[in-house]
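Each remark here refers to the structure printed beneath this line.
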Amino acid sequence: MHTTIRFGSRGADAQYLQNQLNKLLTPHPNLRVDGDFGRRTYEAVQRFQTVKNLGVDGVVGPKTWKALEGGIVPAPPISSIPSGNSSNAPWMAVAANEKGQEEIRGSLHNPRIVEYHASTSLQATSDETPWCSAFVNWCLKQAGIAGTNSAAAASWVSWGRATSSQYGAIIVIYKAGAANSSLTSSGNHVGFLIEETTTHYSILGGNQRNRVKISSYPKSSFQRKVMRWPLAG
């Protein structure tokens, strides 16, 4: 009987997990079978959970253990992206591939979110530090575009050039009274626009309920500050 394990766990169950992931995932993650549930093991678990349509949290509990007893898992297709011209916004494919990344409760921190933080001058090492701007910076960097290098959502207000409402635009929204909430420490939030309707903004972003996901923000509560686009392109 396997116990529930997660990032930071060590021991025989973590070693067995690594062995199973090496056997089942394609392309093979080539994990070191050392019983140390580190960053590469964590990311392989999330990839496995994504393909198996499990909750993508990087935690290996009963459902994930059961799935690990199954057969070889084929390589997943490129993450589906909601309607929109992704060729004009290559960062959206990057952002979509990050869906499901989330904070780890307790003293441990999701190494992927720490990696997002490394794209800003703040260089935060905690996944509990607001990270919506870090996520946008990181995604743009992967697409070869320089962001603001700032962890502040408001830093995007004067970045790039103004744009109309379009798929992939970097959007900054503001909610009065939201300062120091789980959403933001300033009331500002930044992410990538999926679509704008008469009543809502649909945004793909980080630190949305502590994870990377698509969320709908009502215009009755959230004020749009700006929509921006890279200067080139």
Mind checking whether [X] and [Y] have side chains closer than 4.5 Å, heavy atoms only?
X: Val226; Y: Ile171; answer: no
X: Val212; Y: Ile113; answer: no
X: Asn22; Y: Pro29; answer: yes
X: Val172; Y: Arg228; answer: no
X: Ile203; Y: Ser215; answer: no
X: Gln208; Y: His189; answer: yes
X: Trp91; Y: Gln142; answer: no

So, taking the atom named [atom1] in [X] and the one named [atom2] in [Y], what distance separates them when rounded to the nearest 0.5 Å?
X: Asp127; Y: Gln101; atom1: CG; atom2: CD; value: 10.5 Å
X: Ser126; Y: Glu103; atom1: OG; atom2: CD; value: 7.5 Å
X: Leu193; Y: Met227; atom1: CG; atom2: CE; value: 4.5 Å
X: Gln223; Y: Ile173; atom1: CD; atom2: CD1; value: 10.5 Å
X: Thr64; Y: Arg6; atom1: OG1; atom2: CZ; value: 11.0 Å
X: Leu204; Y: Ile194; atom1: CG; atom2: CD1; value: 5.0 Å

Using the rule that Ile, Leu, Val, Met, Phe, Trp and Tyr join whenever any side-chain heavy atoms are under 4.5 Å apart, tell me whether [X] and [Y] fall into a single cluster.
X: Val114; Y: Val94; result: no
X: Phe48; Y: Val59; result: no
X: Trp65; Y: Val45; result: yes
X: Ile145; Y: Tyr167; result: yes
X: Leu21; Y: Val33; result: no

Query raised in the report: What pairs with Arg211 under side chain to side chain donor-acceptor pair (under 3.5 Å), at least two apart in sequence or on another chain?
Result: Glu102

Query raised in the report: How would you list, by chain and number, every residue that makes a side chain to side chain donor-acceptor pair (under 3.5 Å) with Ser165, sequence neighbours excluded?
Result: Glu196

Taking everything shown except [X] itself, do over 12 heavy atoms lie less than 6.0 Å from its [atom1]?
X: Lys213; atom1: NZ; value: yes
X: Lys63; atom1: NZ; value: no
X: Arg10; atom1: CZ; value: no

Taking all heavy atoms of [X] and all of [Y], pick out the closest pair and write down the distance.
X: Val136; Y: Gly191; value: CG2-CA, 4.0 Å
X: Ser119; Y: Asn137; value: OG-CB, 3.4 Å
X: Gly38; Y: Phe7; value: C-CE1, 3.5 Å
X: Ser150; Y: Ser133; value: O-OG, 2.6 Å

Report task. Please confirm whether the backbone N or O of Thr148 pairs with a side-chain atom of Ser155, one donor and one acceptor, at under 3.5 Å? Result -> no

Query raised in the report: When you measure from the side chain of Asn188 to the backbone N and O of Ala153, does any donor-acceptor pair fall under 3.5 Å?
Result: no

Strictly by modelled atom types, are [X] and [Y] linked by a side-chain donor-acceptor pair under 3.5 Å?
X: Gln123; Y: Thr120; value: no
X: Tyr42; Y: Asn110; value: yes
X: Asp34; Y: Gln15; value: no
X: Thr3; Y: Asp13; value: yes
X: Glu128; Y: His109; value: no

Report task. Could you walk me through whether Ser202 and Glu195 pass side-chain hydrogen bond (donor to acceptor under 3.5 Å, both in side chains), step by step? Result -> CA-CA 5 Å; Ser202 179; Glu195 67 173 346; 5.2 Å; no

Quick one: list whatever passes ring-ring contact (aromatic ring centres under 6.0 Å, His included) with [X], sequence neighbours left out.
X: His28; answer: none
X: Tyr201; answer: none
X: Phe37; answer: none

Query raised in the report: Would you call Arg40 and Glu43 a salt bridge, using N to O less than 4.0 angstrom?
Result: no

Report task. Verify the ring-centre separation between His200 and Tyr217: is it less than 6.0 angstrom? Result -> no

Report task. Check whether the ring centres of Trp156 and Trp229 lie less than 6.0 Å apart, and answer yes or no. Result -> no

Report summary line: Quick note, ring-ring contact (aromatic ring centres under 6.0 Å, His included) partners involving residues 115-154, not counting sequence neighbours, are Tyr116-Trp131, Tyr116-Phe135, Tyr116-Trp138

